[in-house]
Amino acid sequence: MMEHISSEEEVGVLIVGAGPTGLTLAIDLAQRGVPCHVVEASEHRAENPRCNTTSARSMEIFRRLGLADEIRRAGLPSYYPTSIQYRTTLLGEEIFRLDLASSHEVLSGAGKQEWPTPEPQHRISQLFLEPLLEQHVRTLPGVTLERGTSLVELRQHGTHVEAVVESGDARRVLRCAYVVGCDGAHSAVRRQLGIRYEGIEAIQKFVSTFVRSPELGRIAARDRAWTYWTHGRRPASTIAIDGDSLWLNHVAFSPDHDTDSEDPEQLLREAVGADVEHEVIGVVRWTGRQLVAQRYQEGRVFLAGDAAHIWIPVGGFGMNAGIQDAATLGWMLAAVRLGWAPPELLDAYELERKPVGEQFATAVGSAARKSLAEFSPDIHLPGAEGVRARAEFAQRLAVTEPARYSPDGFSFGYHYARSPLVVGGEEHDAITMGGYQNRAQPGFRLPHSWLDDGRSVLDLLGSGFTLLRTGRSVDTRPWEWAARETGVPLVVVDLPDEVVNDHADRYPAPLLLVRPDQHIAWMGGADAFPAELLHTATGHVTALRR
């Protein structure tokens with residue numbers, strides 16, 4: 001029987017996949033005035049927790065989108081500590097711990113003057129984050145979201161893409177200006193493009209068991225933590241999902257291990273150190289990888305999130321990198337769709353995000369190998385021998401773990417310094433989890449500082465480009481004229497005196513041109529050529545190299 005395909009529908013930007021990456025992209029585009037259509041193959045959201053951390057940089061992006069406070073009030077109870085404990089078993093001996101702030105402490109601003117960000121990371125399961133994002137998407141004009149609709153075929157043309165989608169037994173064609181695949185590791189969009197992953201197929205295998213157990217909650221109440229790492233037969237992490245009865249138990253194995261033979265009940269027993277009453281909600285057996293797509297773009301079709309990169313989730317880095325992908329691609333698509341940048345601007349998306357994905361993959365894989373390395377069974381011994389073994393293990397953990405759970409390098413140290421849209425960018429060492437320089441540099445995210453009125457410098461930035469002036473004597477009228485001539489949305493903002501006086505070394509130029517994604521496109525003084533710089537930053541001409 002010949003299948004029936006209905007007539008074409010016009011769609012500006014089609015987003016395939018309604019996970020955190022796709023939903024963030026939809027919100028970003030909608031707020032920039034660009035209509036989009038989201039399709040998601042599954043009728044319902046996944047019931048098993050996946051990512052359980054939203055990074056500081058992701059929270060900054062959600063702050064720009066007006067969602068940070070709502071997200072921070074969801075997830076764990078506000079007073080629940082976000083600490084990480086390392087123990088022999090949950091009921092056994094403590095080895096090491098990292099004490100981190102609760103969301104209540106963050107919302108109250110405790111110690112905020114020392115933060116490198118206005119939005120520290122937040123521990124929230126994807127189970128709670130996705131519904132918040134989806135609920136917000138459904139309130140936005142210009143955005144439609146269809147669940148139970150899957151992508152069947154892509155047909156690229158010079159001026160558009162035809163996407164054949166299927167809902168139930170009905171197929172129809174969407175005529176799209178652009179398509180973005182945010183549809184995960186098994187991306188239909190990536191398969192349609194014939195793009196493969198490259199990298200390491202298996203670093204570790206895992207058995208993840210999602211349980212409901214009030215008894216586990218009572219045990220944890222003796223010394224609450226967000227994650228308990230235990231070291232029985234294999235390393236395991238038991239994560240508090242709701243701060244009460246919902247828990248996720250991840251157990252790591254070597255990449256050649258047969259996890260099908262592992263009993264989730266036994267694995268939980270080994271992690272806790274005793275039997276506990278519980279109800280198994282779901283079990284997932286999966287492989288941690290280190291893979292990046294060969295390309296992030298093919299014509300008018302793009303990949304973002306897990307469709308572009310997957311790696312072992314030792315800190316929620318995959319989801320958070322996807323949110324960064326969305327922030328970069330969002331402003332670029334909006335600039336082209338709204339007519340103030342040429343289509344060639346979009347070629348910079350892969351040039352900017354793929355190197356970041358590759359460096360993240362390498363760093364995450366290295367961190368996972370160190371964190372999940374073999375440990376001495378002597379940590380379980382009684383008496384002086386056990387004490388000594390645990391102390392030696394704690395010394396190792398003190399080196400491997402802090403940056404993994406406070407990865408400021410991933411939030412503030414990633415950059416686009418060699419992008420064709422950035423002027424004056426330099427070569428830099430590879431991105432690391434913990435390392436970053438807290439000063440303005442071309443290609444990097446604009447550093448945060450607090451203003452006297454409680455706002456962040458990041459809150460001063462406009463939705464388009466922002467010219468941030470630290471030198472009051474510099475005439476900005478040529479920039480305003482150039483912006484009108486080129487059609488580039490630009491606001492001029494004077495950096496307040498308290499920031500200029502207290503943090504002159506953090507913003508070491510009279511003028512900083514900041515992009516819509518809060519990354520610096522150029523830094524300099526009164527001798528600039530504004531029209532040429534704006535053309536470069538929006539993809540009209542090749543970047544000038546100094």
Side-chain angles (χ1 to χ4, degrees), residues 47-54 72-107 120-129 206-252 264-284 313-316 371-372 375 379-380 390 393-394 397 401-402 404-406:
E47 294 184 355
N48 265 37
R50 286 170 286 176
C51 179
N52 293 290
T53 294
T54 304
R72 197 172 295 282
R73 289 187 172 90
L76 294 174
S78 64
Y79 286 90
Y80 199 95
T82 61
S83 304
I84 297 93
Q85 293 186 23
Y86 300 78
R87 311 183 68 89
T88 52
T89 64
L90 188 54
L91 291 169
E93 297 288 341
E94 181 180 302
I95 302 168
F96 181 71
R97 68 192 295 151
L98 295 168
D99 288 322
L100 301 171
S102 68
S103 59
H104 171 77
E105 291 171 305
V106 173
L107 287 166
Q121 63 187 350
H122 180 52
R123 308 302 188 189
I124 178 173
S125 170
Q126 202 166 328
L127 282 178
F128 304 129
L129 177 62
F206 293 85
V207 179
S208 298
T209 308
F210 184 31
V211 302
R212 180 177 288 105
S213 175
E215 186 176 355
L216 262 180
R218 290 191 292 272
I219 293 172
R222 304 173 189 177
D223 189 1
R224 294 192 190 279
W226 166 62
T227 294
Y228 300 90
W229 276 96
T230 57
H231 300 82
R233 179 166 56 95
R234 295 296 306 165
S237 60
T238 305
I239 302 172
I241 301 301
D242 66 349
D244 184 18
S245 62
L246 295 179
W247 296 86
L248 182 64
N249 187 48
H250 288 307
V251 184
E265 308 278 350
Q266 175 66 21
L267 295 178
L268 183 62
R269 186 180 308 117
E270 291 171 354
V272 176
D275 285 312
V276 290
E277 291 187 10
H278 65 277
E279 170 198 353
V280 174
I281 301 173
V283 178
V284 179
V314 293
S371 296
L372 300 174
F375 54 89
I379 63 173
H380 295 280
R390 291 190 290 274
F393 193 17
L397 294 170
E401 302 306 280
R404 180 155 74 102
Y405 283 105
S406 296

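As a basis for the values below, the full set of heavy atoms in this structure was taken, side chains included, without hydrogen atoms, waters or symmetry mates.
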Tell me if a side-chain donor or acceptor on E265 pairs with a main-chain N or O of D275 at a distance below 3.5 Å. no

Quick one, H122 and V106 - any side-chain contact, counting heavy atoms below 4.5 Å? no

Do the side chains of E105 and P81 get nearer than 4.5 Å, heavy atoms only? no

Side-chain contact, heavy-atom cut-off 4.5 Å: L91 with R222? yes

Qualifying residue for side-chain contact (heavy atoms from CB on, under 4.5 Å) with R123, from T227, I241, L100: L100

If you count every heavy atom of other residues, nucleotides or ligands that lies below 6.0 Å from E279 atom CD, does the total exceed 12? yes

Residues two or more places apart in sequence or in another chain: which of them pass side chain to side chain donor-acceptor pair (under 3.5 Å) with Y86? E401

Could you tell me the separation between the OH atom of Y405 and the OG1 atom of T82, rounded to the nearest 0.5 Å? 11.5 Å

Mind checking what makes ring pair (Phe, Tyr, Trp, His ring centres under 6.0 Å) contact with Y79, not counting sequence neighbours? H104

Checking the side chain of S208 only, and the main-chain atoms of H250 only, is there a donor and an acceptor separated by less than 3.5 Å? no

L127 versus F210: any side-chain heavy-atom pair under 4.5 Å? yes

With a 4.5 Å limit on heavy-atom distance, are the side chains of F128 and D242 in contact? yes

Hey, what do you get for CD1 (I239) to OG (S125), rounding to the nearest 0.5 Å? 9.0 Å

Evaluate the side chain to side chain contact (heavy atoms under 4.5 Å, CB included) criterion for residues S83 and R224: first the C-alpha distance (whole Å), next the side-chain angles of each, then the deciding distance (0.1 Å), finally the verdict. CA-CA 8 Å; S83 304; R224 294 192 190 279; over 6 Å; no

Any donor-acceptor pair under 3.5 Å from S103 side chain to S78 backbone: yes

Considering only residues two or more places apart or on different chains, which pairs with a residue in residues 73-92 satisfy salt bridge (Lys or Arg N to Asp or Glu O under 4.0 Å)? R87-E94

Check side chain to side chain contact (heavy atoms under 4.5 Å, CB included) between P214 and all other residues, then give those that pass, not counting sequence neighbours. R218, S245

So, for A240 and A225, which heavy atoms are closest and what is the spacing to 0.1 Å? CB-O, 4.1 Å

Identify the heavy atoms of G243 and P77 that sit nearest to each other, and give their distance. CA-CD, 3.9 Å

Determine whether T209 and H278 make a side-chain contact, defined as any pair of heavy atoms from C-beta on separated by less than 4.5 Å. no

Once side chain to side chain contact (heavy atoms under 4.5 Å, CB included) is applied, do any residues pair with H380, and if so which ones, sequence neighbours excluded? T88

Pair I379, E93 - check side chain to side chain contact (heavy atoms under 4.5 Å, CB included), show working. CA-CA 9 Å; I379 63 173; E93 297 288 341; over 6 Å; no

Evaluate side chain to side chain contact (heavy atoms under 4.5 Å, CB included) for W247 paired with L268, printing each intermediate quantity in order. CA-CA 10 Å; W247 296 86; L268 183 62; over 6 Å; no

Can you measure from CG (N249) to OG (S237) and round to the nearest 0.5 angstrom? 7.0 Å

Pairwise side-chain contact, L267 with R233, heavy-atom cut-off 4.5 Å (strictly under): yes

Applying side chain to side chain contact (heavy atoms under 4.5 Å, CB included), can you list everything that pairs with P235, at least two apart in sequence or on another chain? W229, L372, F375

Before you tell me yes or no, could you show the steps for D223 and R97 under side chain to side chain contact (heavy atoms under 4.5 Å, CB included), namely the whole-Å CA-CA distance, both residues' side-chain angles and the distance that decides it to 0.1 Å? CA-CA 11 Å; D223 189 1; R97 68 192 295 151; 3.0 Å; yes

Quick one: does L90's side chain get under 4.5 Å of L216's, heavy atoms only? yes

Gap separating the OG1 atom of T53 from the CG atom of L129, nearest 0.5 angstrom: 11.0 Å

OH/Y80 to CG/D244 distance, rounded to the nearest 0.5 angstrom? 9.0 Å

Quick check against the 3.5 Å criterion: does E215 have a side-chain atom that pairs as donor or acceptor with the backbone of E277? yes

